[in-house]
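First the structure, in the form of structure tokens, and then the observations on it.
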Amino acid sequence: MNDSIDLHRRHLLLGSAGALASAGLLSVTPHAWAAQTPLPDYVNWKTPGALIVHSDKTLETRREAQGTGLVTSNERLFIRNNLPTPDPAIVADPDAWSVTFQGVKNPRSMTLGELKQLGVETVASVLQCSGNGRAFFPHGASGTQWSVGAAGCVLWTGVPMRLVIEALGGIADGSRYMTSNGGEALPDGLDPKSLVVERSVPLRAVEQALLAWELNGEPLPLAHGGPLRMVLPGFYGVNNVKYVKQVAFSPEQSDAKIQVSGYRIRPIGQSGAPDQPSMWEMNVKSWITRPLQQVKAGRVMIQGVAFGGAKPLLRVEVSTNGGDHWHMARFIGPDLGLHAWRPFLFVADLAPGSYNLASRAIDFEGDMQPRERVENERGYGNNAWLDHAVAVQVV
Ligand SMILES: Nc1nc2c(c(=O)[nH]1)N[C@H]1C(S)=C(S)[C@@H](COP(=O)(O)O)O[C@H]1N2
Ligand SMILES: [Mo]
């Protein structure tokens, strides 16, 4: 029902913006700044023109609003909530927030104020939803129809988990997973295990893990998990639990639905089950961010973003003819580390005509973005370069 209204609206908007563009009033990507669904209250501080509002819990960064800087600003960063955000009172006195640690030699609770005394580190990392690129799956994978904007590269500041573990006497013997539990209030009368955001990751994630209280140098906003969030560089968004309340080490994964059957890669038509791969480490990926529609003939600056996921990024290549020929792109700006994305540039000399611009990234282990997506029920992990290519008119 909403979909048809949305589609109708989109046509109207594209129509009027298109008219403006042909009248020369707008140059690039005219629909980007058109009026749209207003931002929900809890994120009314974000930049409306930079975001697509899919629902009050799912907001996507527009493709043209990505890659202009090394990091994605808080105002442009996407939002994905499974549940309503907690009461804003929890960020009023952040240092009073307490977290319970279990499955360590000396289990106990610590306040954020105490955690801040243990150590501090900053890491740049890509935050990306498992379903980023879902909109390209032809089978109609259920869930938010993200294109490329359920992703951003941000700076997290917090205490490394290894220092927290040290302070707690070490991880209990026999542990294989770290589980983080989100602090949302759950509705009465429903099975909490079916709703709670509680995610387990293998212990190999712990070395890079951070309990973060700052996002891009600002106190972590409530919408992004303030006052405190588990940050797992290289791992898909869902594992980065917001408003983290409990952290536990254990031999088994959580028995919450989001872990047992949710976020599992499986063939189309199959239900989720614990023996299927979990959405943990991210794969190598890139996409073009400009130009996206029409551009003047001559020197064309083709730009985009690329990242290695859980592995270091080696290089990125650009094609102007849908993958028949590939050219080496060059990275722009400093390397913010293993888990950051890198904006890239390829300068092409293009005569008038239709072009299919594609990019493909390769990581240090030689894994390259595939041409085709791996079909799967929920539309997870799409890094196919063909899906992310853009058709551009050079005039
Ligand atoms: N507590 C809690 N943590 C959560 C979620 C949530 O709904 N609740 N959503 C997860 C998912 S699916 C994603 S993609 C990221 C999104 O982070 P963001 O909203 O800060 O962009 O948060 C993850 N952590
Ligand atoms: Mo997600």
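One-based numbering, in listed order, for ligands and for the atoms of each. FYI, side chains are in, hydrogens and waters are out, and symmetry mates aren't considered; it's all heavy atoms of this structure.
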Please state whether Y263 comes within less than 4.0 angstrom of ligand 1, counting heavy atoms only. yes

Quick one: look up the protein heavy atom nearest atom 17 (O) of ligand 1 and list residue, atom name and how far away it is. R229 NH2, 2.9 Å

Any side-chain heavy atom of D95 sitting closer than 4.5 Å to one from T111? no

Mark up the atoms of ligand 1 that fall under 4.0 Å of a heavy atom belonging to G182, in ascending order. 1 (N)

Counting only N and O atoms by type, is there a donor-acceptor contact under 3.5 Å from the side chain of Q393 to the main-chain atoms of Q294? no

Checking contacts here: is it the side chain or the backbone of L77 that comes within 4.0 Å of ligand 1, counting heavy atoms only? Could be both or neither. neither

Can you find a heavy atom in the side chain of Y243 that is under 4.5 Å from one in the side chain of T85? yes

At what distance is the nearest protein heavy atom to atom 5 (C) of ligand 1, and which residue and atom is it? N82 ND2, 3.6 Å

Can you give me the closest heavy-atom contact between Y42 and K57, atom names plus distance? OH-CA, 3.7 Å

Within ligand 1, which atoms have a heavy atom of I79 less than 4.0 Å away? 19 (O), 21 (O)

Distance check, rounded to the nearest 0.5 Å: R229 atom CZ versus L127 atom CG? 5.0 Å

Are S286 and S359 linked by a side-chain donor-acceptor pair shorter than 3.5 Å? yes

Is the shortest distance from a heavy atom of K57 to ligand 1 less than 4.0 Å? no

Between the side chains of R80 and N82, is a donor N or O closer than 3.5 angstrom to an acceptor N or O? yes

Is there a path of hydrophobic side-chain contacts, each under 4.5 Å between heavy atoms of I, L, V, M, F, W or Y residues, that connects V295 with V318? yes

Quick one: nearest non-hydrogen protein atom to atom 23 (C) of ligand 1, plus distance? G237 O, 3.3 Å

Does ligand 1 have a heavy atom under 4.0 Å from the side chain of W146, from its backbone, from both, or from neither? neither

Note: ligand 1 atoms sitting under 4.0 Å from heavy atoms of H224 are 18 (P), 20 (O), 21 (O)

For atom 14 (S) of ligand 1, which of the options A150, C129, P86, G183 provides the nearest non-hydrogen atom? C129

How far is atom 21 (O) of ligand 1 from its nearest protein heavy atom, and which residue and atom is that? F78 O, 2.7 Å

Please determine if R108 and E114 form a salt bridge, counting it only when a charged side-chain N lies under 4.0 Å from a carboxylate O. yes

Side chain, backbone, both or neither: E184 near ligand 1, heavy atoms under 4.0 Å: side chain

To the nearest 0.1 Å, how far is atom 11 (C) of ligand 1 from its closest protein heavy atom, and which atom is that? V238 CA, 3.6 Å

Would you mind reporting whether R264 and P277 have side-chain heavy atoms less than 4.5 Å apart? no

Within one Ile-Leu-Val-Met-Phe-Trp-Tyr cluster: I288 and I362, side-chain cutoff 4.5 Å: no

Among all protein heavy atoms in this structure, tell me which lies nearest to atom 24 (N) of ligand 1, with the distance rounded to 0.1 Å. N240 O, 3.1 Å

Close N or O approach (Y243, ligand 1; < 3.5 Å): no

The protein heavy atom nearest to atom 4 (C) of ligand 1 is K242 CG, 3.6 Å

Enumerate the atoms of ligand 1 whose separation from the nearest heavy atom of N81 is less than 4.0 angstrom. 7 (O)

